[in-house]
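The block underneath contains the structure these notes are about, expressed in structure tokens.
Residue numbers run from 1 in the order of the sequence given. On a predicted model such as this, the values are computed, not experimentally measured, just so you know.
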Amino acid sequence: SLLQLKLWNKYRVSNIPSLIFIDASTGKVVCRNGLLVIRDDPEGLEFPWGPKPFSEVVAGPLLRNNGQTLDSSALEGSHVGVYFSAHWCPPCRSLTRVLVESYRKIKEAGQKFEILFVSADRSEDSFKQYFSEMPWVAVPYADEARRSRLNRLYGIQGIPTLIVLDSKGEVITRQGRVEVLNDIECREFPWHPKPVLELTDSNAVQLNEGPCLVLFVDSEDDGESEAAKQLIQPIAEKIIAKYKAKEEEA
């Protein structure tokens with residue numbers, strides 16, 4: 001029915017089963033990954049399963065690939081890329097290669113940036129092999145509860161996913177993968193979302209994330225696409241500002 005379709009669209013359900021908890025009084029999403037919640041907390045001890053701050057969910061020791069450990073408080077004051085990935089997934093491996101270069105460029109430019117690897121590998125050995133290629137930090141593989149809590153916090157539905165956080169731990173973009181691949185020189189870091197994008201193969205995935213307006217222009221004439229952008233930019237900015245004021249996703 002139309003209502004069912006509206007609910008599927010509203011909550012961006014792309015695979016089933018999917019269990020989403022909302023606050024009935026405000027209609028806001030409390031938790032996207034309800035299935036993980038009931039698996040991890042069958043007794044309901046953490047009810048109502050609302051989002052916790054990143055610093056609280058990540059709290060504990062982190063690893064470097066040389067075996068050193070450091071405390072998660074070392075991430076404070078830095079932009080953080082939370083990287084959900086696994087060696088068995090080919091798109092993950094190809095993104096990791098690009099990300100290693102991006103990480104180096106951003107650090108060399110003097111930016112405070114760290115990446116946190118949250119593994120979905122199927123064994124400790126596979127994790128160690130994959131992590132040996134990464135110059136950043138990781139949640140220990142054995143700490144399955146913390147890895148799962150991070151998956152829950154960001155409602156991860158597939159890998160690779162790169163969530164970029166500001167220095168306070170707030171989400172800047174969930175589309176880190178697209179941003180990194182579209183901006184090899186990392187000029188746009190930390191990749192605040194743009195109201196209007198040029199549609200490319202790599203960012204077309206965002207068409208599945210919510211309502212979009214697609215404007216087709218004659219690409220032969222560069223002036224035309226620029227004029228089109230100037231036409232829709234202020235409209236897009238107004239819509240985004242409206243939803244931001246309501247603390248909702250546009």
Side-chain angles (χ1 to χ4, degrees), residues 30-33 46 49-85 92 95-120 127 130-156 159-195 240-241 244-245 247 249:
V30 174
C31 171
R32 285 195 171 281
N33 268 14
E46 293 177 40
W49 304 304
K52 294 183 167 74
F54 169 70
S55 58
E56 190 182 315
V57 176
V58 79
L62 302 176
L63 295 178
R64 290 205 175 278
N65 65 13
N66 60 7
Q68 277 184 318
T69 62
L70 68 162
D71 189 75
S72 58
S73 59
L75 299 175
E76 283 167 23
S78 290
H79 284 78
V80 177
V82 190
Y83 183 38
F84 298 86
S85 187
C92 292
L95 179 61
T96 297
R97 286 193 290 273
V98 177
L99 202 49
V100 167
E101 287 304 304
S102 302
Y103 179 75
R104 190 177 55 76
K105 283 175 187 155
I106 293 164
K107 299 282 261 193
E108 281 174 2
Q111 302 266 17
K112 292 186 82 174
F113 181 52
E114 195 48 74
I115 292 178
L116 173 66
F117 171 41
V118 184
S119 167
F127 161 75
Y130 194 27
F131 187 40
S132 71
E133 303 164 17
M134 301 179 183
W136 44 75
V137 299
V139 177
Y141 185 79
D143 194 343
E144 200 176 328
R146 197 163 24 142
R147 289 191 289 125
S148 189
R149 281 199 299 273
L150 284 159
N151 270 280
R152 261 163 51 193
L153 178 63
Y154 298 115
I156 301 304
I159 54 173
T161 294
L162 178 67
I163 310 266
V164 182
L165 310 178
D166 67 16
S167 55
K168 296 190 182 72
E170 300 289 327
V171 174
I172 293 176
T173 178
R174 300 177 57 88
Q175 299 289 345
R177 175 192 185 184
V178 171
E179 297 293 355
V180 163
L181 296 175
N182 272 350
D183 181 23
I184 296 296
E185 293 304 315
C186 307
R187 291 199 181 97
E188 307 277 332
F189 176 83
W191 302 300
H192 287 279
K194 294 189 188 74
I240 287 168
K244 204 167 187 169
E247 291 185 4
E249 287 188 49

[X] versus [Y], closest heavy-atom pair with distance:
X      : Y      : value
Arg32  : Gly155 : CB-CA, 4.0 Å
Glu114 : Trp136 : OE2-CB, 3.3 Å
His79  : Ile172 : CD2-CD1, 3.6 Å
Leu95  : Pro160 : CD2-CB, 3.7 Å
Arg146 : Pro140 : NH2-CD, 3.4 Å
Val137 : Leu62  : CG2-CD1, 4.1 Å

Starting at [atom1] of [X], measure out to [atom2] of [Y] and round the result to the nearest 0.5 Å.
X      : Y      : atom1 : atom2 : answer
Ser148 : Asp143 : OG    : CG    : 10.5 Å
Ser55  : Leu165 : OG    : CG    : 10.5 Å
His192 : Asp166 : NE2   : CG    : 7.0 Å
Ile115 : Ile106 : CD1   : CD1   : 7.0 Å

Parallel, tilted or perpendicular: rings of Tyr103 and Phe113 (30°, 60°): tilted
Ring geometry between Phe131 and Phe127 (parallel below 30°, tilted from 30 to 60°, perpendicular above 60°): parallel
SB check Lys105 Glu108 (cutoff 4.0 Å): no
Lys/Arg-Asp/Glu bridge criterion (N-O < 4.0 Å) met for Glu179, Arg174: no
Residues two or more places apart in sequence or in another chain: which of them pass side chain to side chain donor-acceptor pair (under 3.5 Å) with [X]?
X      : answer
Glu185 : none
Glu46  : Arg152
Thr96  : Tyr83, Tyr130

Given side chains that start at C-beta, do those of [X] and [Y] come closer than 4.5 Å, heavy atoms only?
X      : Y      : result
Ile163 : Ile156 : yes
Leu153 : Arg149 : no
Ser119 : Val139 : no
Trp191 : Val180 : yes
Val118 : Tyr154 : no

Chi angles and distances behind the side chain to side chain contact (heavy atoms under 4.5 Å, CB included) call for Asn65, Phe117: CA-CA 11 Å; Asn65 65 13; Phe117 171 41; over 6 Å; no
Might you confirm whether atom [atom1] of [X] has over 12 heavy atoms from other residues, nucleotides or ligands at distances under 6.0 Å?
X      : atom1 : result
Lys244 : NZ    : no
Lys107 : NZ    : yes
Glu144 : CD    : no

Trace of the side chain to side chain contact (heavy atoms under 4.5 Å, CB included) decision for Arg147 with Phe84: CA-CA 9 Å; Arg147 289 191 289 125; Phe84 298 86; over 6 Å; no
N/O donor-acceptor pair under 3.5 Å between Ser102 side chain and Val98 backbone: yes
